[in-house]
Protein chains: 2
Amino acid sequence: MDLNNGEIMDYLREKDIKPSSIRIKVLKYLMDNQIHPTVDDIYKGIGDDIPTLSRTSIYNTVNLFKQNGVVVEINLGEKESRYDINTKPHGHFKCEKCGNIYDFPLPENLNKKLSNFTINRMSINYYGLCPDCRKESE
Amino acid sequence: MDLNNGEIMDYLREKDIKPSSIRIKVLKYLMDNQIHPTVDDIYKGIGDDIPTLSRTSIYNTVNLFKQNGVVVEINLGEKESRYDINTKPHGHFKCEKCGNIYDFPLPENLNKKLSNFTINRMSINYYGLCPDCRKESE
DNA sequence: AATAAAATTGTAACTATTACAAATTTGTAT
DNA sequence: ATACAAATTTGTAATAGTTACAATTTTATT
Ligand SMILES: [Mn+2]
Ligand SMILES: [Mn+2]
Ligand SMILES: [Zn+2]
Ligand SMILES: [Zn+2]
């Protein structure tokens, strides 16, 4: 993704969010840094641009984004939540060595039905060693 | 499960944990109440027996249990962690209406490989409506 | 019984997140 | 442009789960 400001604003409007300077910067950050950032990552990432930026504004923004389906919150058992601009269902792999988080497609033989239950959403997380870290430790 | 004290103590020793009065009570609670309790649930559950019980002791105990493979910590995106005496891989369904948490078996042919990644553990969580709550809301 | 080791307690610290009111910015009508 | 209203942003305080750690109590060993 490499959208200009007008396109970013349209994207927000599509999701019923009135564009604002912080919302545009946060959305752009999320699109350009698809690393499943924490609130603090976002704060540090766009803080240089906005000297008076408050962490609360990032919280407000990601919560609004979540409510309106712009991001999905992901929880990997860390203390901080992470936010994913990719809202389509997919799995996450967290490397326990380097901390990187990788996307992977949901296994096609995954059980997507449980009799008499209504499944609204699922969260599929794996933990282990990524290829680089695995190689490093032979 | 309905083990007597001696059996509970043996179970702990098998996991290299020296039995103690609190550890025995917590383990028994976890076996008798397989509801994926929080620290607070455990504290309230066994607090009547031990008037001087401290929450810190529950934290100490569940952390020790986790380290030694007696329980597995589960994280359902709530603020509190939950603890599961069933350490075999299985999925969790959380009802968003009543809050109950249900176990479900993972498909045994579930894709447990990602090429070049080493998977140490996985966490599979579904969210939605349980049969009772689904029926209630027609 | 004396001593050492381990378990338990109580309090304070830490930290992610939210609540909320004040301040600032943006939009609108005159 | 000015005045006013609405929305956004900020700053600080409150909340809550968890951990750090020293003091106390319990358990084991000599
Ligand atoms: Mn992702
Ligand atoms: Mn379970
Ligand atoms: Zn890695
Ligand atoms: Zn239910």
Side-chain angles (χ1 to χ4, degrees), chain A residues 5-6 8-9 12-13 15-29 36-68 70-84 99, chain B residues 5-6 8-9 12-13 15-29 36-68 70-84 99:
Chain A
N5 270 14
I8 293 271
M9 287 164 73
L12 287 171
R13 290 197 195 94
K15 304 280 188 174
D16 287 315
I17 294 174
K18 210 194 305 183
S20 79
S21 85
I22 290 185
R23 288 168 191 167
I24 292 167
K25 285 218 169 56
V26 171
L27 179 53
K28 207 178 281 182
Y29 178 90
H36 311 91
T38 64
V39 160
D40 219 58
D41 292 333
I42 303 170
Y43 177 74
K44 293 196 175 102
I46 71 179
D48 299 332
D49 274 348
I50 315 167
T52 63
L53 183 65
S54 160
R55 260 187 192 76
T56 303
S57 297
I58 310 293
Y59 279 108
N60 291 340
T61 304
V62 294
N63 285 338
L64 178 66
F65 281 11
K66 184 170 57 149
Q67 270 189 301
N68 291 41
V70 174
V71 298
V72 68
E73 183 178 354
I74 63 184
N75 206 296
L76 300 175
E78 307 158 302
K79 51 184 90 176
E80 295 169 84
S81 285
R82 296 180 174 275
Y83 297 90
D84 197 342
Chain B
N5 271 12
I8 294 273
M9 288 165 72
L12 287 171
R13 290 198 195 91
K15 304 280 187 173
D16 287 313
I17 293 174
K18 209 193 309 181
S20 79
S21 85
I22 289 184
R23 288 167 190 167
I24 292 168
K25 286 219 168 57
V26 170
L27 179 53
K28 206 179 282 181
Y29 177 89
H36 312 89
T38 64
V39 160
D40 219 58
D41 291 332
I42 303 170
Y43 178 74
K44 293 195 175 104
I46 71 180
D48 299 332
D49 275 349
I50 315 166
T52 64
L53 182 65
S54 160
R55 262 186 189 75
T56 301
S57 297
I58 310 293
Y59 279 106
N60 291 340
T61 303
V62 294
N63 286 338
L64 178 67
F65 281 10
K66 183 169 59 149
Q67 269 191 301
N68 291 41
V70 174
V71 297
V72 69
E73 184 177 352
I74 62 184
N75 207 295
L76 300 175
E78 307 157 301
K79 49 184 90 177
E80 297 169 82
S81 284
R82 296 180 174 275
Y83 297 90
D84 196 343

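These numbers come from the heavy atoms of this one structure, side chains and all, not from hydrogens, waters or symmetry mates. None of the values given here were measured: they were computed from a predicted structure. Residue numbering restarts at 1 for every chain, and letters A, B, ... go by the order of the sequence lines.
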Please produce a list of atom pairs where a protein N or O lies less than 3.5 Å from an N or O of nucleotides 18-25 of chain C.
| from | atom 1 | to | atom 2 | distance (Å) |
| --- | --- | --- | --- | --- |
| dT18(C) | OP2 | Asn63(A) | ND2 | 3.3 |

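In this structure a side-chain-to-backbone donor-acceptor pair under 3.5 Å is missing from Arg13(B) to Pro19(B). In this structure, the side chain of Arg23(B) engages the main chain of Lys18(B) through a donor-acceptor pair within 3.5 Å.
Listed pair Thr38(B) / dG17(D) fails the phosphate criterion, with no side-chain N or O lying under 4.0 Å from OP1 or OP2. Side-chain N/O atoms of Ser54(B) include none lying less than 4.0 angstrom from OP1 or OP2 on dG10(C).
Position along DNA chain C of the nearest nucleotide to Leu53(B) versus Arg82(A) favours Leu53(B) as the more 5'-ward residue. When each of Ser81(B) and Pro19(B) is assigned the nucleotide of DNA chain D bearing its nearest heavy atom, the one mapping closer to the 5' terminus is Ser81(B).
Between the P atom of dA16(C) and the CD1 atom of Ile58(A) lies a distance of 15 Å, rounded to the nearest Å. In this structure, CD1 of Ile22(A) is placed 10 Å from P of dT26(C), rounded to the nearest angstrom. If you measure from atom CG of Leu12(B) to atom C1' of dA7(C), you get 14 Å, rounded to the nearest angstrom. A straight line from OH of Tyr43(A) to C1' of dT17(C) spans 15 Å, rounded to a whole angstrom.
Side-chain contact annotation: Thr38(B) with Asp41(B), donor-acceptor N/O pair under 3.5 Å present.
For the salt bridge (Lys or Arg N to Asp or Glu O under 4.0 Å) test, residues two or more places apart in sequence or in another chain that qualify with Glu73(B) are Lys66(B). The salt bridge (Lys or Arg N to Asp or Glu O under 4.0 Å) test applied to Asp49(A) returns no partner, not counting sequence neighbours.
With rounding to the nearest 0.5 angstrom, the CG atom of Leu53(B) is 4.5 Å from the CD1 atom of Ile58(B).
Within the 4.0 angstrom heavy-atom criterion, base atoms lie near Ser57(A).
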